[in-house]
Amino acid sequence: MTMTHDPVAGVDMLLAGPADLPPLGARSRLRRAAGLTQQQVADAIGVQYQQVYRWEQGAAEPRGKRRAAYIKLLQALASRHPEVALGP
């Protein structure tokens, strides 16, 4: 049996690959634009609020499932607040 290449599936795989975090300044701007506190984000992701502060300041980077959750949140906020995501 011969398998054929599906170019659409190939592109989908590229787009579904690991996403990058937004720039440092955009992270806190997006959170604030949505009216969320660091504590609310921390509670949703399952970390202490200090960790969210560290992520926003660039002192630490989330890893694993927490990274995926944080990226998902920031991407959703960026789609709701595109003017904030673009930054100054």
Side-chain angles (χ1 to χ4, degrees):
M1 176 167 71
T2 304
M3 300 201 59
T4 60
H5 174 71
D6 181 354
V8 174
V11 169
D12 287 343
M13 285 180 58
L14 287 175
L15 295 175
D20 287 331
L21 287 165
L24 293 176
R27 299 174 193 182
S28 62
R29 285 195 312 267
L30 287 167
R31 176 183 53 76
R32 289 191 311 267
L36 299 172
T37 65
Q38 289 175 338
Q39 186 65 59
Q40 289 171 307
V41 173
D43 289 346
I45 295 176
V47 297
Q48 297 293 316
Y49 79 91
Q50 295 95 332
Q51 194 62 33
V52 175
Y53 172 82
R54 291 171 48 87
W55 295 343
E56 290 180 353
Q57 299 300 311
E61 291 284 322
R63 292 181 290 190
K65 291 182 180 181
R66 290 180 175 136
R67 180 182 181 88
Y70 190 49
I71 288 171
K72 183 176 182 175
L73 172 66
L74 293 174
Q75 287 176 338
L77 296 179
S79 70
R80 291 181 185 175
H81 304 282
E83 72 288 353
V84 174
L86 296 175

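Keep in mind it's a predicted model, so treat the numbers as computed, not measured.
Taking CG from L74 and CZ from R29, the interatomic distance works out to 11.5 Å, rounded to the nearest 0.5 Å. With values rounded to the nearest 0.5 angstrom, L21 atom CG is found 4.0 Å from R67 atom CZ. Rounding to the nearest 0.5 angstrom, the gap separating the CD1 atom in I45 from the NZ atom in K72 is 11.5 Å. Here OG1 of T37 is found 12.5 Å from CZ of R32. Values are rounded to the nearest 0.5 Å. To the nearest 0.5 angstrom, Y70 atom OH is 4.5 Å from E56 atom CD.
Residues V52 and Q38 share a closest heavy-atom pair of CG2-O, 3.8 Å. Here the shortest heavy-atom pairing between L30 and V84 reads N-CG1, 3.7 Å. Across all their heavy atoms, S79 and P82 have their closest contact at O-CD, 3.7 Å. Nearest heavy atoms, P22 versus A26: CB-CB, 4.1 Å.
For residues 43-53, the pairs satisfying side-chain hydrogen bond (donor to acceptor under 3.5 Å, both in side chains) are Q39-D43, with sequence neighbours left out.
With hydrogens and angles ignored, the 3.5 Å screen pairs a side-chain donor or acceptor of R66 with a backbone N or O of G46.
The side chain to side chain contact (heavy atoms under 4.5 Å, CB included) check on A34 picks up L36, L77, H81, with sequence neighbours excluded.
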